[in-house]
Structures are given as structure tokens and as C-alpha cells.
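In what follows, residues are counted from 1 in the order of the sequence shown.
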Amino acid sequence: MIQVFGHKAPDTDSTGSPLIWAWYLSEIRKTPAKAVLQGTPNTEAMWMLGKWGVDLPEIIADVAAGDQCVIVDTNNPAELPASINDAEVIEIIDHHLLAGGIKTRLPINITIRPLACTATIMHDLIGDDLDRAPRWVKGLMLTCILSDTLEFRSPTTTPHDRWVAEKLAADLDIAIPAFATEMFTAKSDVSAFGDDALLRMDSKEYELGGKQMRISVLETTAPQVLLDRKARLIAAMPGVAAEDGADEVMLFVVDILNEQSTLLVPNDFVRRVAEASFGVPAVGDSVVLPGIVSRKKQIIPALKV
């Protein structure tokens, strides 16, 4: 049985895309496959599963030697199971930069395209066979694309992502604005999560100036709910960093509707990074970054000390 999975701290795309591709492998290619996750999905991804009537996939801690795997929505070993290079990776489908470091026994199919969402790539790879897909597969695709593009607000959005989303919405008889509002409302409900969980909810590892960084984002239509917890989130950062083998945590609260981010500033190092990277004075324990909404395209490429 092939295991299909995305990155740690699964967001909507890393929850939906494994399910989409496992369906395609099993039902179209007639190759048994199952979607698995590397952790509990975020609130929006959980909402997506309920919306489309899909069971939560099995959550795995690692893979075993010889396990056949398809990796989606990442190609970074830091975001994959510890034993990934002992497993048999047979395919990678992703929309992030090529990180390197994954070893395979044989040549494999690798599809990395500069699109906003892995599900958009899967739409193209599946092609006409998507006509045979059940409603839930198309629903997951649409939800993933709207999530990764922030309903087309993100600078990662391409005309093709938008075209695919609008095509899927028409097929499903869904009005995108109302559907996206429902999605983002679910994403913004973080009342059940502790501070440590929020710092890890949507997080990527990154090296900056010789320091290991955890770059976290929280996308929301209700940023004040998170900013009201600012002091607690800052207080939790050293413990999360120590437990996760990082030197620093940087948290960006992304205001979806106003298209800006607020970076929490816990110490002088993050203050220097903020000023060097974004060209703004960082006074106090936070700084507002107008127009900054994408970690992949606007935050990580800009980071410097």
C-alpha cells in the first residue's frame, strides 16, 4: 500500500492533496494507496474534511524501511518523517522551491511547478480522468486552492490557479465568495488551541544567519483575537524553540481581509531581522507589515540579518 503524505503541521493543502492523489492512484491507476498525515490538521483543514464528508486520515509518526511513499506539498527533508531516506519514495508533487536531500533507489517522477497550490498541479496531472472523480475530490481541490491563494489575494496566485478554482466551483455549483468566507471563519477559530499549538500550527523550518528558525504564520479574518494573546504567545516562544531544536520562533499573524501581517517581536534578534528584511522600524513587541501575506513568496525570500 502506497502512503501519500505532505509536510508536518498539515494545513489544508497538505491534508487535501494526499487524499486527492490517493484516490487517483487507487481508483484510476488501480494502485492501492492511502493518505496519511504527519500531525493533526489545522482548523480550516478539519472543516474541509467535515464539509466534504471525508474521514480524518491516519496520523503517522514515521515511515519504515521499504515503505512506498508519495510526497506532496513539500520536498524538504526537514518537513518529512525522520526515516524518509530509508523508505522508497516513488513520486514527488510540489509547488515549493527545490530543497534537496531526499534520496531514492531508482529514478522517480518529480513534478514541481510554480503554482500556488499542489491541488492545482494534481488537477492538471489527473486531466480528463477528473470527470470520473466523486464530488468530494473536486471539493477538496477547490478548498485547497482557495486556501493557498487566500481566495486569490496571495501574490502566489497565478491565472491558472484561478481558472482551475473557478472551473471547479462551477462544476460544484458553489459561489466562491460565500464558500471562502466559511472557510476563513473556520480557520480563524483558534479558541481551542493553546499557545504552543498555535506557534506550531502552520510552521516551517528555516536557517537564517547561522540560527535555526521556526517561521510560523497564522492566517485569519479576526487578527485581534490572536493579537489579544500576544504576550502569551511571545512568552511561549522560547519553550517551543527549545523543544523543537530551534533558536528562534518568528510568528506572523496574517490579516486575510486587510492583506497585511503583524510580526511579533520577542527580542532584539527578531527586531534586527524585521528591520533588515522589511525596511520598517520595529518598536515595541510587534510590527505591522502592509501587503505581506505569503510566507513562500514574501516572507522567507526577504529574511536577512
Side-chain angles (χ1 to χ4, degrees), residues 7-9 11 13-14 73-80 94-102 112-117 148-150 153-158 195-196 198-220 223 226-227 230-231 233-256 258-305:
H7 54 71
K8 296 175 182 176
D11 57 9
D13 195 22
S14 259
D73 197 33
T74 185
N75 68 87
N76 185 348
E79 299 176 351
L80 292 168
D94 191 19
H95 66 124
H96 296 92
L97 60 81
L98 182 63
I102 297 173
I112 300 177
R113 296 180 182 172
L115 294 168
C117 184
D148 268 8
T149 65
L150 298 179
R153 295 176 176 88
S154 172
T156 63
T157 308
T158 69
D195 302 317
D196 290 13
L198 288 178
L199 293 173
R200 295 184 173 105
M201 183 173 287
D202 188 353
S203 185
K204 303 278 187 181
E205 296 180 22
Y206 182 73
E207 185 175 344
L208 179 67
K211 289 182 178 287
Q212 294 299 317
M213 309 292 292
R214 179 172 285 285
I215 311 298
S216 301
V217 299
L218 289 171
E219 298 166 343
T220 178
L226 291 165
L227 296 177
K230 180 168 54 175
L233 289 165
I234 287 174
M237 287 179 178
V240 168
E243 289 176 18
D244 295 355
D247 295 301
E248 297 285 351
V249 175
M250 293 182 71
L251 174 64
F252 296 79
V253 178
V254 177
D255 183 338
I256 296 171
N258 291 311
E259 299 184 37
Q260 65 182 23
S261 293
T262 299
L263 168 64
L264 303 196
V265 182
N267 54 44
D268 286 339
F269 177 79
V270 173
R271 189 182 316 280
R272 291 197 302 273
V273 170
E275 293 178 344
S277 304
F278 303 107
V280 294
V283 179
D285 58 7
S286 64
V287 57
V288 176
L289 305 172
I292 302 297
V293 296
S294 170
R295 174 174 49 203
K296 182 173 70 173
K297 197 163 185 175
Q298 295 175 304
I299 293 174
I300 285 182
L303 293 181
K304 57 187 177 182
V305 292

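- Summarising the geometry, atom OG1 belonging to T262 is positioned 8.0 Å from atom NZ belonging to K230; distances are rounded to the nearest 0.5 Å.
- Using a 4.5 Å heavy-atom threshold, the side chains of L289 and I299 count as separate.
- Between the side chain of D247 and the main chain of A241, no donor-acceptor pair closer than 3.5 Å is present.
- Of all heavy-atom pairs between T158 and L115, the closest is OG1-CD2, 3.4 Å.
- No side-chain donor-acceptor contact under 3.5 Å links D244 to the backbone of A246.
- Side chain of Q298 to backbone of G291: a donor-acceptor contact under 3.5 angstrom is found.
- At distances below 3.5 Å, at least one donor-acceptor pair connects side-chain atoms of D94 with backbone N or O atoms of H96.
- Taking the side chain as every heavy atom from C-beta outward, R272 and V305 never approach each other to under 4.5 Å.
- With rounding to the nearest 0.5 Å, the separation of CG in L263 from CG in D285 is 10.5 Å.
- Only one option out of H7, R214, K296 pairs with K204 in a side-chain contact (heavy atoms from CB on, under 4.5 Å); it is H7.
- For the pair F269 and K211, the tightest heavy-atom approach, listed with the atom from each and the gap, is CZ-CD, 3.4 Å.
- Remark: side-chain polar atoms of R295 are paired, donor with acceptor, to backbone N or O of I215 under 3.5 angstrom.
- The backbone N or O of D11 lies less than 3.5 Å from no partner atom in the side chain of S14, so there is not a single donor-acceptor pair.
- Across all their heavy atoms, A116 and T156 have their closest contact at CB-O, 3.4 Å.
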Query - Residue pair Q260, V293: steps toward the side chain to side chain contact (heavy atoms under 4.5 Å, CB included) verdict - result: CA-CA 6 Å; Q260 65 182 23; V293 296; 5.9 Å; no
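- Note that CG of N76 and CD of E205 are 7.5 Å apart. Values are rounded to the nearest 0.5 Å.
- In plain terms, the two heavy atoms of A274 and A282 that are nearest each other are CB-CB, 4.3 Å.
- At least one donor-acceptor pair closer than 3.5 Å links the side chain of S277 to the backbone N or O of K304.
- Taking CD1 from I112 and OG1 from T74, the interatomic distance works out to 9.5 Å, rounded to the nearest 0.5 Å.
- Using a 4.5 Å heavy-atom cutoff, the side chains of M213 and L303 are not in contact.
- Of the charged side-chain nitrogens involved, none lies within less than 4.0 Å of a carboxylate oxygen, so that R153 and E219 do not count as a salt-bridged pair.
- Two residues are said to be in side-chain contact when any heavy atoms from C-beta on lie closer than 4.5 Å; D148 and S154 fail this criterion.
- Contact between L199 and S216 at its shortest, heavy atoms only, is O-OG, 2.6 Å.
- Taking every heavy atom of both residues into account, I234 and V265 meet most closely at CD1-O, 4.3 Å.
- Under the 4.5 Å side-chain criterion, counting only non-hydrogen atoms from C-beta, V254 is not in contact with I292.
- When side chains are defined from C-beta on, N267 counts as touching E248, because their heavy atoms get closer than 4.5 Å.
- Separation of atoms OG (S261) and CG (L218) is listed at 10.5 Å; rounding is to 0.5 Å.
- To the nearest 0.5 angstrom, E259 atom CD is 12.0 Å from S294 atom OG.
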